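The figures here come from the full heavy-atom set of this structure, side chains too, leaving out hydrogens, waters and symmetry mates. As the structure lists them, so they are numbered: ligands from 1, and atoms in each ligand from 1. This one's a predicted model, so the numbers in the text were calculated from it and none came from an experiment.
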Amino acid sequence: MNIHILRSKAEIDRAVADLFIEQVRNNPKSVLGLATGSTPIGVYGLLVKDHQEHHTDYKQVTTVNLDEYIGLPEGHPESYKEFMRRNLFNHINVDFNRVHIPFIKGTCEESCQAYNNLLSQFVPDIQLLGIGANGHIGFNEPGTKADSKTHTVLLAEKTRLDNARFFNHIDEVPTHAITMGISNIMDAKRIVLIATGASKADAVNKMITGEVTESLPASFLQRHGNVDIFLDKEAAKLLLKK
Ligand code: GLP
């Protein structure tokens with residue numbers, strides 16, 4: 001794991017956005033693995049700015065997102081589909097036919113299988129990740145197996161509470177989601193994870209220095225050969241103490 005501890009979230013956003021811009025410029029047919037949550041919003045803002053100013057071309061790029069809530073009505077502003085449109089897709093020249101976010105159509109099994117089939121065709125050149133305070137990546141909650149593929153999940157209470165800030169009330173936060181599994185995430189050629197703020201410090205410390213364990217799904221990243229972790233000082237505080 002390559003650990004980068006930078007001075008501010010702004011510096012992290014710049015560094016990570018530059019990795020994505022370079023990837024797309026070097027390979028216009030890149031597959032980008034994308035994430036949601038508050039963490040990647042700054043990166044997406046810089047990709048949009050770069051597209052407007054320097055015309056980086058996303059026409060042939062394919063995107064695959066990590067996860068999506070189950071049960072929100074079509075067009076709900078907190079669905080990850082709407083989040084991605086609002087923060088990125090509506091502002092770059094991506095071809096919506098090449099944009100992929102998991103969703104339920106038919107049974108859960110059929111929907112998961114369909115996304116796995118898609119992922120076997122479109123392996124991310126670079127996968128962006130945030131991390132949950134309980135060490136989840138995507139919506140792979142504690143207890144998720146290393147060989148897991150796309151699956152539906154009952155969200156941990158901690159995750160629902162953390163995400164309640166985006167909704168009017170905790171009762172509105174969906175109880176279930178569909179997510180790429182750990183093995184899908186590990187297939188990416190390169191992984192870039194961002195964590196900022198003291199609330200992530202414990203998960204970050206365990207991810208990097210703890211044992212590889214299902215109880216902290218992000219720890220599986222220790223087994224990937226090409227991972228960059230971008231941290232601010234708060235998220236890195238338990239590492240800096242050592
Ligand atoms: C959500 C997402 C994750 C994200 C995490 C952290 O539950 N499914 O992909 O990394 O929570 O969110 P935030 O970036 O808002 O801290």
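- Of the heavy atoms in Ala35, none comes closer than 4.0 Å to ligand 1.
- For atom 14 (O) of ligand 1, the closest non-hydrogen atom of the protein is Thr39 OG1, 2.5 Å.
- Separation of the Tyr69 and Phe139 ring centroids falls under the 6.0 Å cut-off.
- Residue-level proximity to ligand 1 for Leu129 is absent, since no heavy atom of it falls below 4.0 angstrom.
- Between Glu234 and Lys237, none of the side-chain N atoms (NZ, or NE/NH1/NH2) sits under 4.0 Å from a carboxylate O, so this pair counts as no salt bridge.
- For ligand 1, the atoms lying closer than 4.0 Å to a non-hydrogen atom of Lys200 are 13 (P), 16 (O).
- Of all atoms in ligand 1, listed by their number and element, those nearer than 4.0 Å to a heavy atom of Gly130 are 10 (O).
- Shown in contact with Phe139 at under 4.0 Å from a heavy atom are these atoms of ligand 1, numbered in order with element: 7 (O), 8 (N).
- With respect to Lys59 and Asp57, a salt bridge is recorded, a charged nitrogen being found less than 4.0 Å from a carboxylate O.
- Closest to atom 12 (O) of ligand 1, if we only count protein heavy atoms, is Gly37 CA, 4.1 Å.
- At least one heavy atom of Arg165 sits closer than 4.0 Å to an atom of ligand 1.
- The protein non-hydrogen atom at the shortest distance from atom 2 (C) of ligand 1 is Tyr80 OH, 3.7 Å.
- Counting heavy atoms of neighbouring residues, nucleotides and ligands inside a 6.0 Å radius, atom CZ of Arg7 does not exceed 12 of them.
- Other residues, nucleotides and ligands place no more than 12 heavy atoms under 6.0 Å from the CD atom of Glu74.
- Taking a 6.0 Å sphere around NZ of Lys9, one finds it holds more than 12 heavy atoms contributed by other residues, nucleotides or ligands.
- The closest protein non-hydrogen atom to atom 4 (C) of ligand 1 is Thr36 O, 4.0 Å.
- Of all protein heavy atoms, the one closest to atom 6 (C) of ligand 1 is Ile131 O, 3.5 Å.
- Summary of contacts: the protein heavy atom closest to atom 8 (N) of ligand 1 is Asp67 OD2, 2.8 Å.
- Between Gly138 and ligand 1, at least one N/O pair is under 3.5 Å apart.
- Of all heavy-atom pairs spanning Asn184 and Thr150, the tightest one is OD1-N, 2.9 Å.
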Notebook entry, point to check: Hey, mind stepping through Arg160 and Glu157 against salt bridge (Lys or Arg N to Asp or Glu O under 4.0 Å) and telling me if it holds?
Noted result: CA-CA 5 Å; Arg160 291 187 67 240; Glu157 227 20 58; 3.2 Å; yes

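- In summary, of the residues considered (Thr179, Ile182, Ile185, Val153), a side-chain contact (heavy atoms from CB on, under 4.5 Å) with Ser148 occurs for Ile182 alone.
- Electrostatic pairing of Lys81 and Glu68 does not count as a salt bridge here, judged by no charged N lying under 4.0 Å from a carboxylate O.
- With a 4.0 Å cut-off on non-hydrogen atoms, Ile137 does not touch ligand 1 at all.
- Comparing heavy-atom distances from atom 1 (C) of ligand 1 across Arg160, Glu68, His136 singles out His136 as nearest.
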